[in-house]
Number of protein chains: 2
Amino acid sequence: MAGNKRHINQLVEFERPLTTVDIAIFTVRDQALKVLLVQRPAGAEDPFPAQWALPGGFIDTAKDEDLEGCARRKLKEKTGVETPYLEQLGSWGNAQRDPRGWSATHVYFALIPSEAIVLKAGANSADSRWFPVMEERNGEKLAFDHAELLRAAVSRLRSKVEYTSLPVFLMPAEFTLAELQQTYEIILGRRLEKKSFRTRMASADLFDAVPRMKSGPNRPAQLYRLKRRRPLHIFPRPFGSAES
Amino acid sequence: MAGNKRHINQLVEFERPLTTVDIAIFTVRDQALKVLLVQRPAGAEDPFPAQWALPGGFIDTAKDEDLEGCARRKLKEKTGVETPYLEQLGSWGNAQRDPRGWSATHVYFALIPSEAIVLKAGANSADSRWFPVMEERNGEKLAFDHAELLRAAVSRLRSKVEYTSLPVFLMPAEFTLAELQQTYEIILGRRLEKKSFRTRMASADLFDAVPRMKSGPNRPAQLYRLKRRRPLHIFPRPFGSAES
DNA sequence: TCTTGTAAGTGGGACTATACCACTAAGTAA
DNA sequence: TTACTTAGTGGTATAGTCCCACTTACAAGA
């Protein structure tokens with residue numbers, strides 16, 4: 001199975017594109033959907049100096065076993081944690097997106113509960129920060145074609161949230177149904193009907209009630225915990241329209 | 001925006017993976033879902049000699065504007081036609097899949113009506129042929145990791161057919177509702193209920209009735225034609241279970 | 001202690017797309 | 001004319017959600 005020199009000769013005729021992996025890491029905090037962006041180095045040696053970009057970079061064929069491994073490595077470097085959810089979004093490749101030459105990037109998106117995160121300044125990123133995902137602003141001045149990648153990631157996230165249990169991966173270990181519904185509402189940008197929401201979640205059988213309540217100024221709420229080994233649940237129908 | 005030598009220096013530390021594009025091209029003919037496979041050259045210069053593989057190959061950074069353009073080029077080379085439907089499936093990359101080195105492939109899948117196709121022997125493929133998609137057989141001895149890629153493509157195709165109008169892209173210019181239903185049934189591997197099927201299609205408003213009937217030994221059937229500029233239609237609910 | 005306010009959680013009928021199944025319609029072949 | 005087959009429809013049942021009003025449970029202040 002090992003390569004041999006004959007093969008190499010044949011390959012010379014094709015220039016190899018640059019190959020990178022980028023990740024859209026989402027969380028919900030302060031009542032908003034946020035994405036982690038890193039600021040590119042300010043020196044002129046790199047393209048798009050000092051601009052914000054999705055975390056990512058070149059594949060290290062020595063260290064990375066496969067594409068997903070590369071994504072997990074970069075994700076861990078930035079956030080310091082393993083992600084509970086990682087999905088491949090797709091790949092983008094053309095001659096223009098990187099001024100250094102024909103390049104292709106493999107894009108992943110990840111969901112991480114807000115409290116889990118410990119931001120680290122990465123080796124190749126002067127700074128990293130959570131940006132609220134707003135249709136207008138981001139989309140403009142990210143490095144490379146990352147604005148487009150981010151739009152695609154947000155679009156995929158929203159459409160999957162319509163009919164799956166994806167947002168549970170954004171919740172802390174214990175949470176109330178109202179908090180989960182809020183997370184759905186923040187991502188979708190609209191209100192959901194309480195009864196329908198609870199009926200769905202109950203029938204999906206995703207959580208165990210823990211024998212504790214969340215107290216506040218009002219009626220205490222039941223706390224739940226995600227069952228072990230619960231994969232993504234797909235609901236038979238998408239969420240309906242708005243409430244109140 | 002042009003590259004400069006400084007950048008190149010920095011990039012030397014990363015070996016560039018081999019980059020390819022592969023396509024799963026599907027059609028329905030002879031009452032079966034089929035996929036186009038090409039036989040790799042028999043000489044020992046290439047890996048997996050004489051084995052069957054998905055059509056595809058290296059990106060030509062001189063000719064290919066982007067990944068999808070590369071996929072369309074290879075598709076046209078093999079089938080001689082433009083495809084009515086092309087979608088990116090995902091990418092696979094690791095150190096083992098190609099004996100020549102760390103490689104990543106960008107996989108697309110395409111749907112083509114059976115009569116449209118004129119198979120051409122490609123430059124790098126001694127032969128190409130339609131293979132029925134059967135869970136058991138294919139999955140064993142395709143070149144590279146193409147068995148896995150094909151499984152993923154079939155899986156994606158099936159799951160999208162459950163709740164979209166995808167199979168219309170497999171139909172000839174004029175067709176009957178019974179023929180369309182048959183196409184659905186062949187892909188899904190189960191019978192669908194006639195009335196539900198027709199109600200769905202009617203409400204989707206995808207076709208125009210042409211003023212002609214398809215005659216046979218029995219009652220003639222209305223012929224339909226796909227409306228112009230009809231994108232993929234998504235039904236509010238997936239198809240239900242079997243009939244008779 | 002009682003009232004007020006607010007969020008948690010539920011009861012029950014309405015609605016909608018599909019499931020199910022029986023029926024009619026329209027042709028060919030013997 | 002009858003038998004057979006496939007096209008196409010009518011009408012009720014069902015499932016999951018929608019919608020809205022209601023009850024429950026707590027804190028805070030009068």
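The shown structure was predicted, so the numbers you read here are calculated from the model rather than taken from an experiment. Note on naming: letters A, B, ... go to the chains in the order of the sequence lines (proteins, then strands), and numbering restarts at 1 for each one.
Rounded to whole Å, atom C1' of C:dT18 lies 12 Å from atom CZ of B:F235. Atom-to-atom, OH of A:Y163 to C1' of D:dG16 comes out at 18 Å; the value is rounded to the nearest Å. What separates CZ of A:R198 from P of D:dC20 is a distance of 18 Å, to the nearest Å. Taking atom CZ on A:F197 and atom P on C:dA8, their separation rounds to 12 Å, with Å as the unit. As a whole-Å value, the separation of B:E162 CD from C:dA17 C1' is 16 Å. When the P atom of D:dC19 is taken as reference, atom CZ of A:F239 falls 14 Å away, rounded to whole Å. As rounded to whole Å, 15 Å separates atom C1' of C:dC20 from atom CZ of B:R190. Between A:L177 atom CG and D:dT24 atom C1' there is a gap of 16 Å when expressed in whole angstrom units.
To the nearest 0.5 Å, atom CG of residue B:L67 and atom CZ of residue B:R72 are 12.5 Å apart. Atom-to-atom distance recorded for A:R200:CZ and A:F239:CZ is 4.0 Å, nearest 0.5 angstrom.
In this structure, the ring of A:Y184 has its center less than 6.0 angstrom from the ring center of A:F197. Between B:H233 and B:F235, the distance separating the two ring centers is shorter than 6.0 angstrom.
One finds a side-chain N or O of A:S196 lying less than 4.0 angstrom from the OP1 or OP2 phosphate oxygen of D:dC18. Between B:R200 and C:dA17, a side-chain N or O to OP1/OP2 separation shorter than 4.0 Å is absent.
Between the side chain of B:K195 and the base of D:dG10, at least one donor-acceptor pair of N or O atoms lies under 3.5 Å. Looking at A:R237, its side chain comes within 3.5 Å of the base of D:dG16 through a donor and an acceptor atom.
B:S91 and B:H106 form no side-chain donor-acceptor contact under 3.5 Å, judged by distance and modelled atom types alone.
When distances are taken from the side chain of A:A221 to each of D:dC20, D:dA7, C:dG9, the shortest belongs to C:dG9. Listed nucleotides C:dT18, C:dT10, D:dA7 differ in distance to A:K194; the shortest reach to its side chain belongs to C:dT10.
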Next item on the list: Tell me, with the steps shown, if A:Y224 and A:Q222 meet side-chain hydrogen bond (donor to acceptor under 3.5 Å, both in side chains).
Entry: CA-CA 7 Å; A:Y224 294 89; A:Q222 180 64 55; 5.5 Å; no
Note to self: For B:L192 and B:Q181: C-alpha separation, side-chain torsions, deciding distance, then whether side chain to side chain contact (heavy atoms under 4.5 Å, CB included) applies.
What the structure shows: CA-CA 8 Å; B:L192 298 178; B:Q181 183 174 344; 4.0 Å; yes
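In terms of position along DNA chain D, the nucleotide closest to B:A178 lies nearer the 5' end than the nucleotide closest to the other residue of the pair B:A178 and A:S203.
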Notebook entry, point to check: What string of B, S and - do you get for nucleotides 25-30 of chain C 5' to 3' if you count protein non-hydrogen atoms under 4.0 Å?
Noted result: BBBS--
